[in-house]
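Heads up: the structure comes next, in structure tokens.
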Amino acid sequence: MTNKYKQIIVANWKMKLDVDQAASLASELKEILKPVDLSDKKVVLCPSFSAITGVSKILKDSDIALGAQDSLYENSISTSDLKKLGCEYIIVGHSDRRALGDTDQIVNKKALAVLANKMIPIICVGETLEKYEAGQTKEVLARQVAQALKDFPNQYFILAYEPVWAISTSGSGKTITPTEAIAQIETLKKNIPANLDNFDIVYGGSVEPKTVASFSKEFKGSLVGGASLKAQSFFEIIKNS
Ligand code: PGA
């Protein structure tokens, strides 16, 4: 599996929509994107677990892909079931999960389980505000990347750089400049094991229709939370990517 797209735009709906709202947003996006040429852009929707089945039915026969927001590794059924439900992508290591106890080792195991089930892991890495202010961004990224990719086979994966403090729900009120985010692409690449050459790096954290183009100049796409919850703003992000 490789990536043939210039941009991958992932909607992370978190727990913001109930099953009905998720289904209607998916239908709205499917409609709005019908006339859009998506041959070089991959759009992925990651609803909450309870909405996956409904959204999967809606996205069938569309160019929009389905993803999940997390998976387990202990019981492989939970991961393979996501595949059966139509998921192609799975977010692992999101800062919300790391805050709930997902260690680098757990992130690694989850990502490996996703690969073993022939799906694409979207592995989130990023420093907290405390580490950022202490000037330790590079160290954090080095550790998170190296550990997340431990024992990886050379199979396609996505790395999402999400500075925790720049996520809209972090409460910091801060956003990162595209220049500062882009500067970390090198840090990420430097820490990817040399035998892995099949990956893309996307950016996440307060991506908006107005700002996405300056990130997508260098990043291969974006992971979008808040601005993916309305069809029009997510549509504009896709268009401007
Ligand atoms: P945000 O969320 O776009 O609302 O900052 C991004 C994320 O948490 O993945």
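Bear in mind that the values here come from a model prediction, so they are computed numbers and not experimental data.
Side chain of Asn240 to backbone of Ala213: no donor-acceptor contact under 3.5 angstrom is found. A donor-acceptor pair under 3.5 Å links the side-chain atoms of Asn154 to the main chain of Asp197, judged by distance alone. At least one donor-acceptor pair under 3.5 Å links the side chain of Lys30 to the backbone N or O of Ile58. One N or O on the side chain of Arg98 and one on the backbone of Cys124 form a donor-acceptor pair closer than 3.5 Å. No donor-acceptor distance shorter than 3.5 angstrom exists from the side chain of Ser168 to the backbone of Ser206, with no hydrogens or angles considered. Here the side chain of Gln21 pairs a donor or acceptor atom with the backbone of Asp18 at under 3.5 angstrom. With hydrogens and angles disregarded, a donor-acceptor distance shorter than 3.5 Å links the side chain of Ser56 to the backbone of Leu85. No donor-acceptor distance shorter than 3.5 angstrom exists from the side chain of Lys131 to the backbone of Val140, with no hydrogens or angles considered.
Residues Leu188 and Phe199 fail the side-chain proximity criterion, which asks for heavy atoms closer than 4.5 Å. Side-chain contact between Arg143 and Glu139 is absent, with no heavy atoms from C-beta onward closer than 4.5 Å. Using a 4.5 Å cut-off on side-chain heavy atoms (C-beta onward), Ile158 and Ile8 make contact. Ile238 is listed as a side-chain neighbour of Leu38, based on a closest heavy-atom distance under 4.5 Å. Counting heavy atoms from C-beta outward, Leu25 and Phe234 have side chains that stay 4.5 Å or more apart. Under the 4.5 Å side-chain criterion, counting only non-hydrogen atoms from C-beta, Val107 is not in contact with Gln147. By the 4.5 Å heavy-atom criterion applied to side chains, Thr169 and Lys16 are counted as neighbours. The shortest side-chain heavy-atom distance between Tyr5 and Asp200 does not fall under the 4.5 Å cut-off.
A salt bridge between Glu31 and Lys34 is present, with a side-chain N of the basic residue lying under 4.0 Å from a carboxylate O of the acidic one. Comment: Lys6 engages Asp40 in a salt bridge, judged by a side-chain N to carboxylate O separation of less than 4.0 angstrom.
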Report task. Run the numbers on Gln232 and Ile32 for side chain to side chain contact (heavy atoms under 4.5 Å, CB included), then give the verdict. Result -> CA-CA 8 Å; Gln232 191 57 34; Ile32 216 174; 3.8 Å; yes

Requested in this report: Report the C-alpha separation of Val114 and Ser71 in whole Å, then their side-chain angles, then the decisive distance to 0.1 Å, and conclude whether the side chain to side chain contact (heavy atoms under 4.5 Å, CB included) test is met.
Outcome: CA-CA 8 Å; Val114 173; Ser71 65; 3.7 Å; yes

Query raised in the report: So Tyr132 and Lys174, side chain to side chain contact (heavy atoms under 4.5 Å, CB included) or not? Walk me through it.
Result: CA-CA 12 Å; Tyr132 171 72; Lys174 294 174 189 285; 5.5 Å; no

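Considering all non-hydrogen atoms of both residues, Ala227 and Ile237 come closest at CB-CD1, 3.6 Å. Residues Asn191 and Val145 share a closest heavy-atom pair of O-CG1, 3.5 Å. Contact detail for Leu59 and Ala65: the closest heavy-atom pair is CD1-O, 3.8 Å. Nearest heavy-atom pair, Ser241 versus Ile9, reported as atom, atom and distance to 0.1 Å: OG-CG1, 3.6 Å. Between Pro209 and Ser233, the shortest heavy-atom contact is CG-O, 3.6 Å. Scanning both residues, Ser222 and Val212, for their nearest heavy atoms gives OG-CG2, 3.7 Å.
The closest side-chain donor-acceptor pair between Glu127 and Trp165 falls under 3.5 angstrom. If you check the side chains of Thr211 and Glu208, you find no donor sitting under 3.5 Å from an acceptor.
Atom CG in Leu82 sits 5.5 Å away from atom CE in Met119 (nearest 0.5 Å). One distance of note links CG of Asn12 with NE2 of His94; it measures 5.0 Å at 0.5 Å rounding. Summarising the geometry, atom CD belonging to Glu74 is positioned 8.0 Å from atom NZ belonging to Lys110; distances are rounded to the nearest 0.5 Å.
With Asp96 as reference, Lys14 is the one residue of Met15, Lys14, Gln69 to meet the side-chain contact (heavy atoms from CB on, under 4.5 Å) rule. Across Asn198, Asn108, Ile192, a single residue satisfies side-chain contact (heavy atoms from CB on, under 4.5 Å) together with Phe152, and that is Asn108.
Taking hydrophobic clusters as Ile, Leu, Val, Met, Phe, Trp and Tyr residues chained together by side-chain heavy-atom distances below 4.5 Å, Leu112 does not share a cluster with Leu72. In the hydrophobic clustering of ILVMFWY residues, with side-chain heavy atoms under 4.5 Å counting as a link, Trp13 and Ile90 come out together.
By the 30° and 60° cut-offs, the orientation of the rings of Phe219 relative to Tyr203 is tilted.
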